[in-house]
Each structure stands twice: as structure tokens, then as C-alpha cells.
Engineer: 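Could you have a look at this structure, given as C-alpha cells, before my questions?
In this text, all values refer to a predicted model and were calculated from it rather than measured experimentally. Each ligand, and each atom within it, is numbered from 1 in the order the structure gives.
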Amino acid sequence: MSRDELDSGNVVVRIAYASVNYKDALTARGKAKIALKFPLVAGIDLAGKVEQSADPRFKSGDAVIVHSFGLGADHDGGYAEFGRFPADWVIPLPAGMSLFEASALGVAGHTAAHAIDLMELNGLAPAKGKVLVNGATGGVASIAIDILAGRGYHVVAMSGKAEQAEYLKGLGAKEVIGRNAIADAGRALENPLWAGALDSVGGAQMSWLARSMQRDGVIASFGNAAGAEFAGNVLPFILRGVRLLGVNVNNPIERMTMLWGRLAGDLKPGHLDRIARKIRFADLDQAFDELLAARVAGRQVVDFSLG
Ligand SMILES: NC(=O)c1ccc[n+]([C@@H]2O[C@H](COP(=O)([O-])OP(=O)(O)OC[C@H]3O[C@@H](n4cnc5c(N)ncnc54)[C@H](OP(=O)(O)O)[C@@H]3O)[C@@H](O)[C@H]2O)c1
């Protein structure tokens with residue numbers, strides 16, 4: 001593909017890194033209707049340096065991040081050496097963050113930061129009690145565990161991968177429990193266990209979470225790795241005041257910029273080196289299959305300098 005064939009925009013970026021997200025794997029394998037044009041350069045986030053800019057806000061050599069706005073869906077995304085984007089989508093790399101860290105975080109890090117910010121705005125605080133993170137070895141969940149632990153929360157990681165317990169404890173989880181820990185007794189309410197919960201999974205886990213929240217507990221729902229539907233009843237909401245927050249990464253650019261600044265500051269994860277590993281562009285095909293089979297712990301990042 002020549003640069004002229006890339007989708008339009010006034011900023012050309014030489015892409016250094018692009019991460020592998022669940023959504024990218026779904027796109028690559030045609031498992032959900034994500035690609036809205038064809039051909040499409042997939043990849044929903046990227047980090048790199050401005051090669052050329054017709055917008056005064058950016059100049060050649062500036063380090064930048066691009067994600068959302070239909071990237072990797074209806075606009076050519078990160079899995080290429082170059083991308084062309086409208087300047088209004090481009091976020092300057094915050095001080096204190098490397099390009100690799102930006103990509104290791106990517107959409108997953110932005111989603112985790114958005115969710116945690118919303119939860120704290122809704123009253124979550126370390127003193128309120130334990131926070132459960134399910135799909136714990138996933139990209140968003142791994143970063144969320146790291147950030148929450150760094151902020152002093154007692155994090156309980158729920159995972160289908162018993163062999164990854166040490167990885168999860170290394171990120172700061174105080175307890176690791178298996179997926180089979182969920183009660184399915186058909187009760188309207190379970191014992192109140194969690195002040196907060198981040199749900200990557202949906203389905204039966206989401207149903208159980210809603211029933212297991214403490215008074216005024218806060219759930220952030222951002223994923224559907226096990227399915228989009230969940231069964232529920234209103235008692236957690238009307239008897240315990242449980243708050244169910246929807247999390248969508250497609251924020252206005254001002255909020256995106258604010259959250260990226262926080263990801264370089266008070267929300268900076270302490271263990272990105274354990275969470276993310278570099279892969280070659282040629283490894284992408286295998287990376288998609290492994291992600292969809294839930295065999296990956298953490299994040300995979302395409303490093304274009306590896307060839
Ligand atoms: N709302 C938004 O804006 C937004 C943004 C980013 C991502 N997402 C969504 O968030 C979810 C996680 O994304 P991600 O990139 O972190 O994906 P990921 O790295 O593939 O993580 C998903 C994790 O969910 C668990 N899981 C997978 N299949 C499962 C199943 N059938 N039953 C129960 N658990 C299962 C696995 O963790 P364990 O093996 O440890 O249990 C897996 O590692 C996806 O649904 C994605 O589409 C939404």
C-alpha cells in the first residue's frame with residue numbers, strides 16, 4: 001500500500017508501536033462487524049512520531065498517540081508503518097511516558113483509566129472495601145489491577161487461568177480467585193462482598209457481580225468477553241443503591257487528553273514491563289488466535305523496528 005492510499009487526514013504519523021486488543025482479534029477473524037470498510041488497515045491504537053503535518057498544532061518529530069474515532073474500523077489504523085489522521089484525533093504524548101508505554105497502555109489503558117476515574121467520581125475509595133476485577137489476565141483488567149493496587153485498593157482478581165496467579169499478585173492483586181467462585185444459587189442478592197467491580201466479561205459473571213455488591217457499590221461494565229447478555233433483578237439497585245456505570249472508550253478529545261495525562265501521572269501503572277511484551281508484525285496472525293482463545297496474559301505490542 002502506498003501512503004497516498006491511506007485514509008485522509010492532515011497529519012502523517014510514522015508508527016512505532018501498535019497494540020493488540022480483543023477488538024482487533026475480532027476484526028481480523030471476522031467475528032464481529034467491526035470493519036466498516038474494505039480493505040482496511042486494522043489496529044485500534046498506535047503511538048509514533050509525526051512525519052508530516054499540515055496543522056500548526058503538530059510538527060515533524062512530535063511524539064503522539066492516536067486511538068478511537070473509528071480507528072481500525074472505518075479509518076485505517078495502527079498495523080502499518082504509516083498512518084494519516086485528522087489533527088483533531090491526535091494526542092501529544094504526555095511528559096513522563098515513552099512511546100512504548102503509550103502503546104502498552106493503548107485503548108486498554110485508556111479504558112481502565114476512564115473506568116477508575118468514573119468509579120471514583122461515584123464514590124469508590126480504598127477505605128470502602130474490596131474491588132473485584134474479572135477477566136483478570138486480560139489487557140484492560142491487568143492494567144486496572146496495577147493502577148488500583150497503586151492507589152491503595154484491596155484488589156481481588158478473578159481469572160480462568162489458575163497458572164497466572166503469581167502474575168496477578170505481581171501486579172498488586174491481594175487475592176486471586178477462579179471463575180468458578182461465582183455463586184449461582186438463583187438468589188436475588190448474595191452476601192455483600194465488593195465495594196467496586198470492573199467487569200470485562202458480561203454474562204453470568206456480571207449477573208453475580210450485581211448481586212454481590214455492597215451498599216453503594218460501584219460496577220464499571222466495559223467488556224463482553226463471555227457474552228453481551230446478563231440476567232438480573234432490580235434489588236441490588238433499589239435495596240443496596242448499587243451503581244452500574246457504562247464505560248465506553250470513545251471519549252471527547254479533551255477527556256482523552258486529560259486521562260492520558262493522568263496515565264503519565266497519578267494513574268501510572270507500576271508494572272507495564274510485566275504486563276506488555278513486544279511482538280513482530282509477522283507475529284500478529286498468531287497473536288489474534290491466542291487472544292481469542294484467552295491464552296494471553298497481559299498485552300502484546302507490535303514493534304515495527306523488529307521488522
Ligand atoms: N467499553 C469499551 O470501550 C472497551 C474498551 C476496551 C475493551 N473493551 C472490551 O473489554 C473486554 C476485554 O478487552 P481486552 O482487550 O482486555 O481483552 P483480553 O485481553 O482478550 O482479555 C479478556 C479476558 O477475559 C477473560 N475471558 C475471555 N473469554 C472468557 C470467557 N468465555 N468467559 C470468561 N472470561 C473470559 C480472560 O481472562 P481470564 O482468563 O483471566 O479470566 C481474558 O484474558 C472485551 O470484551 C473488549 O471488547 C471494551
Engineer: Contact residues of ligand 1 with a heavy-atom cut-off of under 4.0 Å?
Structural biologist: Y22, V107, T111, G135, A136, T137, G138, G139, V140, S159, G160, K161, R179, S200, V201, Q205, F222, G223, N224, A225, A226, V247, N248, V249, L291, A294
Engineer: Can you see whether Y17 engages S305 through a side-chain donor-acceptor pair at a distance of less than 3.5 angstrom?
Structural biologist: no
Engineer: Partners of Q214 by side chain to side chain donor-acceptor pair (under 3.5 Å), sequence neighbours excluded?
Structural biologist: none
Engineer: Do K130 and Y153 form a cation-pi contact, if we require the NZ or CZ to be under 6.0 Å from the six-membered ring centre and within 45 degrees of the ring's axis?
Structural biologist: no
Engineer: Who passes side chain to side chain donor-acceptor pair (under 3.5 Å) against H75, sequence neighbours left out?
Structural biologist: none
Engineer: Considering only residues two or more places apart or on different chains, which pairs with a residue in residues 215-242 satisfy side chain to side chain donor-acceptor pair (under 3.5 Å)?
Structural biologist: none
Engineer: Ignoring hydrogens and angles, tell me if any N or O in the side chain of D24 forms a donor-acceptor pair with the backbone of N21 under 3.5 Å.
Structural biologist: yes
